[in-house]
Visitor: 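Sharing a structure with you now.
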Amino acid sequence: MSFQPVDYYGVYNQLSDEERMVRESVADFVDSEVIPIIEKHYQDGTFPMDLVPKMAELGLFGITLPQEYGCAGANYTSYGLAMQELERGDSGIRSFASVQSSLVMFPIYSYANEDMKNKWLPKLAAGTAIGCFGLTEPDFGSNPSGMITNAKKIDGGYLLNGAKMWITNGSLANVAVVWAKYEGEICGFIVEKGMKGFSAPEMKGKHSLRASVTSELIFQDVEIPESHKLDVKGLKGPLSCLTQARYGIAWGAIGSAIGTYQSSLDYAKSRIQFDKPIASFQLVQDKLVWMLNEITKGQLICMQLGKLKDSGLMNPNQVSLAKRNNVDIAIQCARIARDIHGANGILQEYPIMRHSANLESVRTYEGTHDIHTLILGADITGIQAFK
Ligand code: TGC
Ligand code: FAD
């Protein structure tokens with residue numbers, strides 16, 4: 001089913017021609033290619049690999065990076081709009097594009113040498129290579145600075161040992177950006193599929209983000225050439241990538257909320273109880289208005305965040321506010337949508353439970369809701385409350 005865009009405050013009127021074109025082309029792609037097939041993949045617990053070349057053709061991988069590496073060279077508002085539309089389809093599809101763009105292509109572009117950029121960026125942009133990002137470990141999630149994965153110097157490179165967990169696209173990936181301690185400092189390494197001692201078993205049994213592959217990464221004496229080490233030291237390396245990805249998630253969550261809102265509005269107008277559409281009842285209208293109200297506020301946050309980012313004025317704490325707020329309201333929208341759909345709300349014919357379950361992961365990854373509260377708390381009080 002194709003819906004009219006949700007744009008109560010006319011924010012799309014402010015878009016440039018290019019931004020408008022990106023949003024509309026990704027929206028068409030989601031309506032025609034994602035929504036018809038996603039529920040089956042969700043049920044089967046598979047990622048729809050057929051979509052990868054089509055997403056590449058739309059320029060969705062590394063969309064903000066320069067054309068010399070095969071990328072679209074678009075601005076960050078366009079990137080955000082693309083993420084919004086993808087997540088209107090499914091958080092797993094947006095996750096795939098987020099990881100590829102913000103967590104793999106961004107660090108390779110920002111911190112790798114020219115040979116590595118030329119080797120990987122064009123393939124990642126074309127979707128002929130897939131990437132993943134390994135930061136989280138079994139015992140270090142919110143506190144990545146405690147990681148135990150480590151690199152030791154050997155002749156011509158490094159020996160990598162350790163394990164990562166919860167890694168999106170891990171088993172699909174041809175290349176992994178992996179963070180490990182070297183001489184006590186966090187450093188980044190480019191690890192390639194097929195390197196001896198590197199394996200990426202898939203994690204099974206998820207009730208959330210089922211149309212997304214999640215894996216462990218295991219490193220047993222993996223020899224990494226010197227040229228594969230990234231030129232950045234400390235936690236600011238991975239955190240700089242997370243700022244990019246969290247920015248996309250803030251927009252994406254609004255897409256998910258739009259998905260559950262549109263389905264609710266449509267359902268409320270057609271579902272008859274007591275001889276009237278349920279949309280005619282005040283309590284149902286109150287729920288629909290709450291959803292629209294929060295979506296509109298979330299859109300305004302994202303539009304302003306995009307302007308700040310495109311003008312180089314955005315700071316990471318502003319991204320924390322947007323990610324924290326927008327994911328939270330998207331979860332509440334999914335909960336209200338379930339209510340409005342009655343029993344039908346639990347069926348796979350409607351996108352509600354899928355969005356709702358997906359958002360539970362989105363609330364946790366890229367910094368939990370509470371970690372973003374603490375980031376903002378530290379920013380406004382000047383007092384860190386993490387430890
Ligand atoms: P802290 O002392 O605050 O900072 C260490 C250094 O990093 C700098 N920094 C940043 N730089 C760039 N961007 C940011 N957002 C930054 N935030 C901080 C900071 O200035 C400092 O630099 P320097 O030069 O002084 O060294 O670090 P901390 O150890 O106290 O930790 C802070 C905390 C807890 C906020 C941080 O560790 C954190 O964000 N934890 C959450 C972990 C997380 O988000 N993991 C995500 C894993 S990846 C993932 O989930 C992908 S899901 C993908 C998908 O499927 O879509
Ligand atoms: P924990 O850190 O153990 O937190 C548990 C609870 O304690 C949370 O509620 C948290 O807010 C709270 N808590 C922790 N510390 C504090 C504190 N100081 N004060 C108050 N409360 C606190 N990681 C990657 O590196 N790459 C990926 O591609 C990736 N993809 C993912 C895909 C999925 C589907 C999921 C679910 C996760 C993914 N992650 C990935 C991991 C994700 O980033 C972590 O799960 C997240 O950072 C939280 O870590 P944790 O699960 O270990 O929770």
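Whatever order the structure lists them in is the order used to number ligands and atoms, beginning at 1.
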Visitor: Does the protein come close to atom 46 (C) of ligand 1 - that is, does one of its heavy atoms sit below 4.0 Å from that atom?
Guide: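 Yes, there is one.
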Visitor: Which is it for L374 and ligand 2 at heavy atoms under 4.0 Å: side chain, backbone, both or neither?
Guide: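 Under 4.0 Å from ligand 2, L374 contributes side-chain atoms alone.
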Visitor: In the complex you have, is atom 23 (P) of ligand 1 within reach of the protein, judged by whether a heavy-atom distance drops under 4.0 Å?
Guide: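 No, no protein heavy atom sits under 4.0 Å from atom 23 (P) of ligand 1.
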Visitor: Please report whether ligand 1 has a polar contact with N143, defined as an N or O pair separated by less than 3.5 Å (distance criterion only).
Guide: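 There is no such contact.
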Visitor: Taking only non-hydrogen atoms of G141, do any sit less than 4.0 angstrom from ligand 1?
Guide: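 Yes.
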Visitor: Quick check: does any side chain N or O of S25 sit under 3.5 Å from a backbone N or O of M21, one acting as donor and the other as acceptor?
Guide: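 Checked: pair present.
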Visitor: On the ring face of Y109, is K117 found with NZ or CZ under 6.0 Å from the centre and within 45° of the axis?
Guide: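 Output yes; distance and angle both within limits.
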Visitor: Strictly below 4.0 Å, N to O, side chains only: are D90 and R94 in salt-bridge contact?
Guide: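 No salt bridge links D90 with R94.
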Visitor: Sort out for me which residue in E226, K152, K153 forms a side-chain hydrogen bond (donor to acceptor under 3.5 Å, both in side chains) with Y158.
Guide: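 The passing option is E226.
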Visitor: Pull out every atom of ligand 2 sitting under 4.0 Å from any heavy atom of D370, numbered as shown with elements.
Guide: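 Checking each atom against D370, I get 11 (O).
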Visitor: Numbering the atoms of ligand 2 from 1, which are under 4.0 Å from a heavy atom of T136?
Guide: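 Under 4.0 Å from T136, ligand 2 has these atoms: 23 (N), 24 (C), 25 (O), 40 (C), 41 (C), 42 (C), 43 (O).
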Visitor: What do you think, any protein heavy atom under 4.0 angstrom from atom 56 (O) of ligand 1?
Guide: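 Yes, at least one protein heavy atom sits under 4.0 Å from atom 56 (O) of ligand 1.
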Visitor: Does a side-chain N-to-carboxylate-O contact under 4.0 Å join K323 and E366?
Guide: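 Between E366 and K323 there is no salt bridge, as every charged N stays at least 4.0 Å from the carboxylate O atoms.
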Visitor: Would atom 53 (C) of ligand 1 count as contacted, meaning some protein heavy atom under 4.0 Å?
Guide: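 Answer yes: something from the protein, a heavy atom, is under 4.0 Å.
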Visitor: Please report whether atom 29 (O) of ligand 1 has a protein non-hydrogen atom at a separation of less than 4.0 Å.
Guide: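 So atom 29 (O) of ligand 1 has protein heavy-atom neighbours under 4.0 Å.
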Visitor: For atom 5 (C) of ligand 1, what is the nearest protein heavy atom, given as residue, atom name and distance?
Guide: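 Residue, atom and distance for the closest contact: L235 CB, 3.9 Å.
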Visitor: Which of the numbered atoms in ligand 1 are below 4.0 angstrom from a heavy atom of I375?
Guide: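 Near I375, the atoms of ligand 1 are 35 (C).
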Visitor: Where the closest heavy atom to atom 9 (N) of ligand 1 is concerned, which of L374, L239, L242 has it?
Guide: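 Result: the heavy atom closest to atom 9 (N) of ligand 1 is in L239.
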Visitor: For ligand 1, is S142 a contact, meaning one of its heavy atoms is under 4.0 Å away?
Guide: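 Within the 4.0 Å threshold, so yes.
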Visitor: May I ask you to list the atoms of ligand 1 that are less than 4.0 angstrom from any heavy atom of T243?
Guide: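 Numbered from 1, ligand 1 contributes 13 (N), 14 (C), 15 (N).
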Visitor: Are the charged groups of E18 and R20 less than 4.0 angstrom apart, N to O?
Guide: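 A salt bridge is absent here (no side-chain N lies under 4.0 Å from a carboxylate O).
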Visitor: In plain terms, say whether E192 and K119 are close enough for a salt bridge, that is, a side-chain N and a carboxylate O under 4.0 Å apart.
Guide: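 A salt bridge is present here (some side-chain N lies under 4.0 Å from a carboxylate O).
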Visitor: Going by side chain to side chain contact (heavy atoms under 4.5 Å, CB included), S142 matches just one of T136, I371, T364. Which one?
Guide: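 That would be I371.
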Visitor: Charged N to carboxylate O below 4.0 Å: is that the case for R363 and E360?
Guide: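 Answer for the salt bridge query: no.
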Visitor: Going by heavy-atom distance to atom 1 (P) of ligand 1, choose the closest among K233, Q244, Q384, K236.
Guide: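 Selected option, by shortest heavy-atom distance: Q384.
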Visitor: Over 60° means perpendicular and under 30° means parallel, so tell me whether Y247 and Y79 are parallel, tilted or perpendicular.
Guide: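 Rings of Y247 and Y79: parallel, under 30°.
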Visitor: I'd like to check which ligand 2 atoms, numbered from 1 as shown, lie under 4.0 Å from a non-hydrogen atom of L135.
Guide: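 What qualifies from ligand 2 is 25 (O).
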Visitor: N/O of T136 under 3.5 Å from N/O of ligand 1, yes or no?
Guide: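 Min N/O separation from ligand 1 is not below 3.5 Å for T136.
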Visitor: Would you tell me which option among S212, G141, S91 has the nearest heavy-atom contact to atom 52 (O) of ligand 2?
Guide: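 Of the listed residues, G141 has the closest heavy atom.
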Visitor: Can you check atom 33 (C) of ligand 2: any protein non-hydrogen atom closer than 4.0 Å?
Guide: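 Protein heavy atoms within 4.0 Å of atom 33 (C) of ligand 2 - there is at least one.
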Visitor: Keeping the roles fixed (side chain from S263, backbone from T260), state whether a donor-acceptor pair exists under 3.5 Å.
Guide: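 No, S263 side chain to T260 backbone: no donor-acceptor pair under 3.5 Å.
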Visitor: Which ligand 1 atoms are under 4.0 Å away from a heavy-atom of P316?
Guide: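 With P316 as reference, the close atoms of ligand 1 come out as 13 (N), 14 (C), 15 (N).
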Visitor: Is it true that E223 and K196 have a side-chain N and a carboxylate O under 4.0 angstrom from each other?
Guide: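 Salt bridge absent between E223 and K196.
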Visitor: List for me each residue that meets salt bridge (charged side-chain N to carboxylate O under 4.0 Å, His left out) alongside K54, sequence neighbours excluded, and say none if there are none.
Guide: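 Salt bridge (charged side-chain N to carboxylate O under 4.0 Å, His left out) list for K54, sorted by chain: E33.
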Visitor: Counting the benzene-type ring for Trp, do F96 and F61 have ring centres under 6.0 Å apart?
Guide: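 So the answer is yes for these two rings.
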Visitor: How does L209 reach ligand 2, if at all, at less than 4.0 Å between non-hydrogen atoms: by side chain, backbone, both, or neither?
Guide: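 Within the 4.0 Å criterion, L209 contacts ligand 2 through side-chain atoms alone.
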Visitor: Closer than 3.5 angstrom, by distance alone: can the side chain of S91 be matched with the main-chain N or O of E87 as a donor-acceptor pair?
Guide: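 Side chain of S91 to backbone of E87: no pair is present.
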Visitor: For ligand 1, find out whether one of its N or O atoms is nearer than 3.5 Å to an N or O atom of R246.
Guide: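 Yes; at least one N/O pair falls below 3.5 Å.
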Visitor: Under 4.0 Å, counting heavy atoms only: does L103 come that close to any atom of ligand 1?
Guide: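 Contact check L103 vs ligand 1: positive.
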Visitor: What atoms of ligand 2 come within less than 4.0 Å of a heavy atom belonging to E366?
Guide: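 Per the distance check, 43 (O).
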Visitor: When you look for heavy atoms under 4.0 Å from ligand 2, do you find them on the side chain of T368, its backbone, both, or neither?
Guide: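 Near ligand 2, T368 shows its side chain, while the N, CA, C and O stay back.
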Visitor: Angle between ring planes, F281 versus F274, binned at 30° and 60°: parallel, tilted or perpendicular?
Guide: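 Because their plane-to-plane angle is over 60°, the rings of F281 and F274 count as perpendicular.
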Visitor: So which bit of K387 gets within less than 4.0 Å of ligand 2, heavy atoms only: side chain, backbone, both or neither?
Guide: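 No part of K387 comes within reach of ligand 2.
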Visitor: For ligand 1, is there an N or O atom under 3.5 Å from any N or O atom of F386?
Guide: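 In fact, backbone or side chain, F386 has no N or O that close.
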